[in-house]
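Take a look at the structure below.
Order of the sequence lines fixes the chain letters, A, B, ..., with proteins taken first and strands second; residue numbering starts at 1 for each chain. Scope of the values below: all heavy atoms of this structure, side chains included, with no hydrogens, waters or symmetry mates.
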Amino acid sequence: MTEEERHFQDRVDADEKIEPKDWMPEGYRKTLIRQIAQHAHSEVVGQLPEGNWITRAPTLERKAILLAKVQDEAGHGLYLYCAAETLGISRDELTEKLLDGSMKYSSIFNYPTLNWADIGAVGWLVDGAAIMNQVPLQRTSYGPYSRAMIRICKEESFHQRQGYDIMMKMAKGTPEQKRMAQDAMNRFWYPALMMFGPSDKDSVHSAQSMAWKIKINTNDELRQKFVDQTVPQAEYLGLTIPDPDLKWNEETGHYDFSEPDWSEFYEVLKGNGPCNTERLEARRKAWDDGAWVRDGLMAHAEKRAARRTAAE
Amino acid sequence: MTEEERHFQDRVDADEKIEPKDWMPEGYRKTLIRQIAQHAHSEVVGQLPEGNWITRAPTLERKAILLAKVQDEAGHGLYLYCAAETLGISRDELTEKLLDGSMKYSSIFNYPTLNWADIGAVGWLVDGAAIMNQVPLQRTSYGPYSRAMIRICKEESFHQRQGYDIMMKMAKGTPEQKRMAQDAMNRFWYPALMMFGPSDKDSVHSAQSMAWKIKINTNDELRQKFVDQTVPQAEYLGLTIPDPDLKWNEETGHYDFSEPDWSEFYEVLKGNGPCNTERLEARRKAWDDGAWVRDGLMAHAEKRAARRTAAE
Amino acid sequence: MDTALFEFCLRMGDNTLVLGHRVSEWCGHAPVLEEDIALANTALDLIGQTQFWLGLAGEVEGKGRDADTLAFRRDAWDFRSVLLVEQPNGDFGQTMMRQFLFDAWQSLMLDRLKDSSDVRVKAIAEKASKEVAYHLDRSRDTVVGLGDGTAESHSRMQAALDKLYPYVGELFGADEIDAEIAERGIAPLPADLRGAYDALIADIMAEATLTIPDSRWTHTGGRDGTRHSEHLGHMLTEMQWLQRAYPDARW
Amino acid sequence: MDTALFEFCLRMGDNTLVLGHRVSEWCGHAPVLEEDIALANTALDLIGQTQFWLGLAGEVEGKGRDADTLAFRRDAWDFRSVLLVEQPNGDFGQTMMRQFLFDAWQSLMLDRLKDSSDVRVKAIAEKASKEVAYHLDRSRDTVVGLGDGTAESHSRMQAALDKLYPYVGELFGADEIDAEIAERGIAPLPADLRGAYDALIADIMAEATLTIPDSRWTHTGGRDGTRHSEHLGHMLTEMQWLQRAYPDARW
């Protein structure tokens with residue numbers, strides 16, 4: 001370890017925030033860019049599965065709530081891209097990396113939303129898992145990232161409550177609505193568990209990220225915490241978790257549960273999820289179709305600046 | 001009149017059919033091309049308002065019937081383009097003229113289909129008016145046209161009965177269905193009357209076309225015949241024709257009726273109908289998007305021919 | 001029943017409902033993230049306004065239909081939206097041109113409705129006009145920016161204006177309902193807004209280097225429900241699906 | 001109830017229903033008039049087959065649901081169509097590639113169903129197989145013609161194949177229903193058709209100068225209803241609209 005590196009690690013250890021102009025190890029910068037950008041991309045791509053139901057939302061109020069939520073997500077994408085930009089990479093560069101497949105977004109968004117209860121499940125389970133990941137990151141070592149996470153977590157927990165509220169209405173509704181809720185539960189449970197990533201035992205990067213306080217808890221800790229929190233909620237809703245081996249373990253004080261099918265996880269990561277192609281196609285199309293708009297607005301801004309200069 | 005012209009007119013007067021290789025006046029050829037092509041274009045564009053409801057047809061049988069009908073219409077388009085081609089112009093040339101607006105199609109297809117009863121009204125009123133125009137044309141002087149019309153009329157009268165059958169189901173159905181039927185009637189009555197064209201008193205071309213037996217009856221005759229035929233059918237359905245002045249005239253043995261709003265007719269002709277833009281856009285898009293398909297199949301056919309030649 | 005007021009509320013609320021739906025179709029597909037946010041925000045405001053207008057319509061009707069019932073259980077012919085807002089999104093330029101042409105009208109209308117003799121109408125107008133002032137700022141800037149941008153963006157915006165302008169006139173239509181509503185001081189005669197509207201869009205189009213078509217000829221049939229576009233029916237299949245498929249459910 | 005036979009009929013009939021709907025979306029928009037005719041004809045045949053399969057399904061179920069009720073009153077999750085037929089039309093090449101990949105399977109399947117132990121299944125297969133032989137002739141010719149056409153048509157067809165091939169494997173899925181149906185001699189095990197299918201498409205793709213992707217990895221979730229595509233739900237909003245909006249009407 002060099003002097004600089006030691007000094008840096010000391011600051012991290014002392015819970016000081018690292019700011020954009022501070023010296024930082026190249027690996028720290030790269031890992032942070034990858035992590036923040038992936039999170040930003042997830043917010044952007046995450047608009048799509050929910051957007052899929054905006055035009056079919058069953059009431060005006062539900063439509064408004066969903067619009068507000070998707071708007072928030074785009075906003076989160078914006079904060080996070082800004083945080084990533086403080087590390088010396090532009091939003092356009094990051095977008096290109098998303099579109100050419102060299103950067104990822106959360107695999108959960110490669111699953112389809114197939115009935116209205118899925119919108120509840122996305123809020124309750126997916127945002128729930130996301131918050132579980134994000135809450136500790138409010139204490140992450142990188143200042144801009146930490147501040148973005150504080151802002152995001154506040155809104156996310158609101159979204160989660162809204163999702164749970166939809167599930168409640170569905171689970172207490174007509175038989176068809178109950179069936180929708182259970183169907184959503186069946187399809188989203190394991191993908192939600194996968195959101196915490198494979199067990200850290202299998203990950204080489206985790207130790208370094210934890211030392212740098214880019215990562216605060218292990219994947220398995222967070223997953224367990226999520227299960228422990230979610231099972232009673234599901235019971236309250238009267239929904240069955242699609243895991244026959246799920247049960248309370250008196251000894252550990254936690255629920256025992258089945259691992260998701262990690263081969264599915266790796267398939268989705270490889271591009272073989274149910275919606276990978278659609279999601280990336282939709283984002284590429286938005287980007288390509290929007291080129292003339294970005295160019296047009298840029299050209300106008302330049303003309304206006306030139307006119308102002310000429311007038312001075 | 002030259003010798004040739006006189007001879008030609010004599011043949012027409014004697015009800016002989018003129019065939020592609022026979023001599024014919026340039027005006028006869030031009031008028032026929034315009035008339036046949038406009039009819040062909042109408043069949044093609046006419047797929048669109050009905051196609052608009054194929055994906056929403058209320059039963060499998062109704063969907064099948066409608067598909068069969070639209071298929072027939074495309075087939076009619078094909079016969080008619082073939083008949084026009086015998087006059088020395090290609091289908092592609094005619095298509096270009098449709099797409100650049102220099103040739104017309106029947107204005108009726110610039111009206112939207114807005115509820116399921118419209119599909120009935122199109123069959124009953126629009127096909128009904130078309131048949132009224134077409135039946136006499138089975139006796140038209142140009143052989144290929146006459147033969148195409150014979151074939152077409154057989155299918156069209158079948159379509160008209162199907163349309164009437166839909167209207168019957170609607171008019172005898174629930175209050176909402178009755179309302180749909182009446183709504184369709186309200187919107188299609190006057191446009192159907194316009195299908196016969198303005199009064200011949202105002203048309204300079206009519207006399208020549210009638211002498212050539214390209215046109216057999218006057219527009220006003222056909223319109224009256226259509227009204228006389230349709231009013232009792234509407235009464236049987238329990239539908240109100242949207243014309244307060246419509247009444248039986250004992251003296252003439254015909255119904256008196258109000259003229260359509262001819263200024264609307266001319267607006268639609270100018271391109272200002274409710275759907276002119278959509279219809280032409282749809283056809284242009286089909287043509288442009290299909291260019292690679294036509295080119296590809298052509299290239300393949302040439303390759304295959306070349307391979308066959310090489311193998312000989 | 002106060003038919004004129006009921007119809008007036010439907011005209012206001014169906015416009016915002018249909019346009020809000022159209023704008024919401026953009027969700028996740030905009031040219032840049034800021035636009036995703038802005039479009040979602042516009043849609044959200046419009047849906048919110050719909051709740052007020054259709055809520056008031058239901059109250060005036062007095063038959064127990066609430067805003068949701070009116071939004072999700074009427075067929076196309078009972079809608080009173082103008083054809084302009086039913087038009088498909090097209091490209092981003094067409095969407096923003098449609099938005100501007102509507103925002104300009106809506107801002108003038110709401111401004112006058114703040115003096116409505118009906119306190120409920122007045123209250124909705126007061127709330128909505130703030131939102132719409134913001135929409136207008138945005139759509140105006142975008143129309144100007146893209147009109148006076150590159151050659152391509154200019155020609156796309158001109159095409160959008162040419163395509164949509166023949167739907168503008170319907171906003172200023174006049175029938176017995178309008179006459180009664182104006183007489184009772186609930187709203188101005190739509191035609192009274194035309195002068196200010198023309199002046200506003202002339203200014204903006206000049207700045208955007210775009211040419212307003214000569215002809216004032218206009219499509220009609222939406223605001224009186226006599227002949228909607230084919231687009232509306234397709235929109236409703238999506239919009240109303242859940243309510244139609246599960247009529248007994250509460251959401 | 002004979003659940004296995006009911007499910008089998010749904011699997012056959014939902015495929016033809018969904019694909020028939022997709023093909024019918026082309027109406028009036030094909031690249032040339034002959035294709036408009038051919039596509040309408042294909043859609044018509046598929047809808048006709050749907051009437052038979054869903055009619056039989058309703059009969060087997062014995063709860064008074066007829067083919068229309070099954071087609072127009074089930075939500076997506078009760079559909080048993082494979083994901084392949086739910087895929088959007090894309091360009092004409094993608095539509096014809098989807099058609100070919102399905103026709104090839106359907107022709108092999110119907111050919112075997114002509115020996116079904118169930119006379120009703122046998123009868124449907126006998127009628128439908130003639131139609132499908134014709135569909136296969138057409139879609140094969142088009143795939144070959146466009147694959148071996150211009151550089152553009154070739155690359156579009158290769159893209160279509162790459163996109164759709166990951167949905168092919170689901171046609172050969174195997175579960176308890178398939179096992180029971182095979183055991184009873186009603187239909188072959190889907191997997192038993194794979195050899196002949198692979199040989200057929202290998203031939204045609206070679207002629208079309210197209211490369212079949214290496215991976216046999218496949219999407220699943222349609223034929224057992226566990227996870228349809230997002231496309232199906234949107235399709236149903238259109239398809240079922242009238243029946244849902246006017247449940248008491250007869251058409």
ask   = Are the aromatic ring centres of A/W116 and C/Y246 under 6.0 angstrom apart?
value = no
inquiry  = Just verifying a value: how many Å separate C/L10 CG and C/L70 CG, rounded to the nearest 0.5 Å?
reply    =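 Reported to 0.5 Å precision, the distance equals 6.5 Å.
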note = Here the gap from C/T142 atom OG1 to C/L146 atom CG, rounded to the nearest 0.5 Å, amounts to 6.5 Å
Quick check on [X] against chain C: is it the side chain, the backbone, both or neither that has a heavy atom closer than 4.5 Å?
| X | answer |
| --- | --- |
| A/V44 | side chain |
| A/R304 | neither |
| A/A57 | backbone |
| A/E73 | neither |
| A/R62 | side chain |
| A/M168 | neither |
| A/D295 | both |
| A/W287 | side chain |

Salt bridge or not for [X] and [Y], using N-O below 4.0 Å?
| X | Y | answer |
| --- | --- | --- |
| C/R140 | C/D137 | yes |
| A/R151 | A/E155 | no |
| A/D183 | A/R187 | yes |

Region of [X] that comes under 4.5 Å of a non-hydrogen atom in chain A:
| X | answer |
| --- | --- |
| C/M235 | neither |
| C/Q243 | side chain |
| C/A71 | side chain |
| C/L46 | neither |
| C/R156 | side chain |

Mutual orientation of the aromatic rings belonging to A/Y164 and A/Y236 [parallel < 30°, tilted 30-60°, perpendicular > 60°] =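 The rings of A/Y164 and A/Y236 lie parallel, inter-plane angle below 30°.
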query = Among C/H228, C/R22, C/H231, which one satisfies side chain to side chain donor-acceptor pair (under 3.5 Å) with C/E86?
reply =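 With C/E86 as partner, C/H228, C/R22, C/H231 yield a single side chain to side chain donor-acceptor pair (under 3.5 Å), made by C/H228.
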ask   = Does any donor atom in the side chain of A/S90 or A/E93 lie under 3.5 Å from an acceptor atom in the other side chain?
value =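 A donor-acceptor contact under 3.5 Å links the two side chains.
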request  = Please test A/F109 against A/H41 for ring pair (Phe, Tyr, Trp, His ring centres under 6.0 Å), starting from the C-alpha separation and ending with a verdict.
outcome  = CA-CA 11 Å; A/F109 301 119; A/H41 298 328; over 10 Å; no
For chain C, the option from [options] that forms the most heavy-atom pairs under 4.5 Å:
| options | value |
| --- | --- |
| A/A286, A/P58, A/A299 | A/P58 |
| A/K285, A/E50, A/M170, A/R91 | A/R91 |
| A/K172, A/Q177, A/K63, A/E61 | A/Q177 |
| A/T95, A/T55, A/V45, A/L48 | A/T55 |
| A/T174, A/L78, A/I65 | A/L78 |
| A/A74, A/A301, A/G290 | A/A74 |

ask   = Counting only heavy atoms not in C/F52, do more than 12 sit closer than 6.0 Å to its CZ atom?
value = no
query = More than 12 heavy atoms of other residues, nucleotides or ligands under 6.0 Å from NZ of A/K97: is that the case?
reply = no
key: Lys/Arg cation over aromatic C/F72: C/R244, 6.0 Å, 45° cone   =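 No, cation not above the ring by the 6.0 Å, 45° rule.
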Name the member of [options] that forms the most heavy-atom pairs with chain A at distances under 4.5 Å.
| options | answer |
| --- | --- |
| C/D248, C/D91, C/D141, C/L54 | C/D91 |
| C/D36, C/I47, C/L33 | C/L33 |
| C/V32, C/T150, C/L17, C/D148 | C/D148 |
| C/E152, C/Q240, C/E34 | C/E34 |

key: Check against side-chain contact (heavy atoms from CB on, under 4.5 Å), A/I152 and A/L80   = CA-CA 9 Å; A/I152 289 172; A/L80 287 160; 3.7 Å; yes
